[in-house]
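Heads up: the structure comes next, in structure tokens.
Remember, it's 1-based here, ligands and their atoms both numbered in the order they're listed.
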Amino acid sequence: MKVRVRLAPSPTGTLHIGTARTALFNWLYAKKENGTFLLRIEDTDIERSKEHYKKNIYDGLQWLGINWDEPPTIQSERANQHKKVIKTLIEKGHAYRCYATENELDEMRENQKANGLAPKYDNRHRNLSSEQESEFIKAGREAVIRFKISDQKLISWNDLIRGKMTWSGKDLGGDMVIARRAPAKTIGDPLYNLVVVADDSAMKISHVIRGEDHLANTAKQILIYEALGLNIPVFAHTPLILNSEGKKLSKRDGVTSISEFKKMGYTSEALANYMTLLGWSVPEGTNERFKISEISKIFSFEKVNKASAKFDWDKLNWLNSQVINEMSAETLLANLDPMFRAHGWNFPSQDWGINLMRLIGPSMVLINDGVDQAKPFFEEPKLSEDGKKQLEVKEAAIILNFILEKLENIDAALFSKEEALDLITQATKNCDVKKGLVMKSLRAALFGTLNGPDLIQSWVLLSRISKDRGRISRFI
Ligand code: GLU
């Protein structure tokens, strides 16, 4: 069987991490099987579907490296085909018009509740006589279209992740609405389960891979496939993503959309790597740090867990720092350069920028950390508590004065590591203090704090942009 899979997002919000993970599993499977990965934009909810959300979804997928193989299918453009399918179902006796009003349905549900029953349509209009139907039409009632679901029916499928699944028709809420209310004899807007079957079939989808929140929909959709005599695709239901408290990951957990992760400074590579691990376990002996293009060769649904996946920020952060560490200084600089410019921070040469990246790159977790870590080079830092204390030590001013005097004879633009080291040694001897005291006093004067990357290299960079002397002179 030629593998054709699809992602079917609704453009009613930005690309959510759950949808992106579903996209990734579809894409990985398509790659593994030399199949085709397709995109279908489910934009039939005209009110809530927005062009900018569609763009956000396209951009997010492309950023993650998930490319689709054919032009996207736009669901709203297929409305006529959807209605044709509904007509066929009516003609074959699988669907009918239901004229029950909202009030009548509310009353029905209230009664069920009062009797301790779960709410369920009681199929009251399944077998209307033509006289009854004429009465309703005469009374000006509009109708939804319902698809018949037999209580006795058992629906089974072999889920690639969850194994054999069985649903009973009686648990599906009674005959299902497949088209919205519309004037008599017309067909209203087709609804999700019908439309998905019509589109998946038209797109020749072989495998439907989606979140486990669609399990009941799958049971309903299989009934529609059967009624239409269509090939039923293979199904795989991926586990949900939960937050650290074990609840479904939602807006309340802060970031959930791919564009937000990007904005925070996560790399597409780390995020795609992490999302693959959300539910999928690497085979023994395989490293958890990988590129999705490589892992597709060994991806399989056997290793996808049935249990929900907990979102683990520490692991994502670890992967992101790994990716940053593997980046060349040039690439890291290319990532940060626009952010530096946005702050109005200029540096004298590409070399200077590269050296800064080599200095701060190893301790970065997020790309944006580079901005915080570069800031003390470009902007005069505030004095922290520990920096202040250090500069109050009585020898500090003497040491700094000595260094500043020596710097007068050195060209700031050519200042080297060797010269920096030499100056520190000279100050240690001349001021008769420990080397540590010299280093700490210097760091406090230059960067306002006692923590930071390698002092010698930091000092050289600062000197090359003519900022060391001014900072030292503030404390003598
Ligand atoms: N538009 C549906 C969703 O975003 C698609 C589900 C499916 O894959 O069938 O949940």
Side-chain angles (χ1 to χ4, degrees), residues 3-30 35-50 53-58 60-61 66 68 72-79 81-82 85 147 155 157 159-162 165 167 172 176 178 180 189-225 228 230-241 248-251 256-258 275 279 301 304 308:
V3 168
R4 283 172 69 85
V5 295
R6 73 350 179 235
L7 180 77
S10 308
T12 52
T14 50
L15 179 62
H16 186 273
I17 180 118
T19 311
R21 203 269 313 254
T22 301
L24 197 54
F25 281 11
N26 273 282
W27 183 90
L28 286 166
Y29 189 63
T36 307
F37 171 72
L38 303 167
L39 196 55
R40 180 172 71 234
I41 298 296
E42 303 213 319
D43 59 343
T44 47
D45 185 340
I46 302 162
E47 296 268 292
R48 292 173 58 226
S49 294
K50 300 281 180 261
Y53 288 140
K54 187 169 95 183
K55 185 175 175 334
N56 180 279
I57 292 167
Y58 287 176
L61 290 173
I66 304 173
W68 44 101
T73 297
I74 308 296
Q75 193 160 63
S76 59
E77 291 172 4
R78 292 184 27 84
Q81 278 89 331
H82 301 149
V85 173
F147 176 83
I155 307 129
W157 73 91
D159 196 288
L160 284 186
I161 296 170
R162 311 176 72 84
M165 300 294 298
W167 279 72
L172 294 175
M176 134 176 82
I178 53 172
R180 271 190 231 283
D189 292 335
L191 291 173
Y192 169 74
N193 280 310
L194 182 282
V195 169
V196 165
V197 171
D199 288 350
D200 281 342
S201 168
M203 290 165 75
K204 299 196 165 43
I205 297 303
S206 63
H207 294 69
V208 171
I209 304 158
R210 60 185 168 199
E212 67 172 33
D213 44 338
H214 285 288
L215 279 169
N217 286 330
T218 295
K220 292 174 183 170
Q221 289 170 22
I222 287 175
L223 292 176
I224 302 179
Y225 279 107
L228 291 165
L230 297 170
N231 281 337
I232 301 173
V234 178
F235 290 95
H237 290 88
T238 57
L240 295 180
I241 305 174
K248 197 174 161 186
L249 197 71
S250 75
K251 276 262 172 261
T256 47
S257 70
I258 297 302
M275 286 194 301
F301 283 114
V304 175
S308 306

Results of side-chain hydrogen bond (donor to acceptor under 3.5 Å, both in side chains) for W157 - residues two or more places apart only | D159
Between D199 and H82, is any side-chain donor less than 3.5 angstrom from a side-chain acceptor?
-> yes
Any protein N/O atoms within less than 3.5 Å of an N/O atom in ligand 1? List the atom names and distances, or say none.
from     : atom 1 : to   : atom 2 : distance (Å)
ligand 1 : 1 (N)  : A8   : O      : 2.8
ligand 1 : 1 (N)  : S10  : OG     : 3.0
ligand 1 : 1 (N)  : E42  : OE1    : 2.6
ligand 1 : 8 (O)  : R6   : NH1    : 2.6
ligand 1 : 8 (O)  : R6   : NH2    : 3.4
ligand 1 : 9 (O)  : R6   : NH2    : 3.0
ligand 1 : 9 (O)  : Y192 : OH     : 2.7
ligand 1 : 9 (O)  : R210 : NH1    : 2.8
ligand 1 : 10 (O) : H214 : NE2    : 3.0

Go through the side-chain N and O atoms of T36 and R6 and say whether any donor and acceptor fall under 3.5 Å apart.
-> no
Using 30° and 60° as the class limits, which term best fits the ring planes of F235 and Y225: parallel, tilted or perpendicular?
-> perpendicular
Is the closest side-chain donor-acceptor distance between Q75 and D43 under 3.5 Å?
-> no
Where does the angle between the aromatic ring planes of F25 and F301 fall among parallel (under 30°), tilted (30 to 60°) and perpendicular (over 60°)?
-> perpendicular
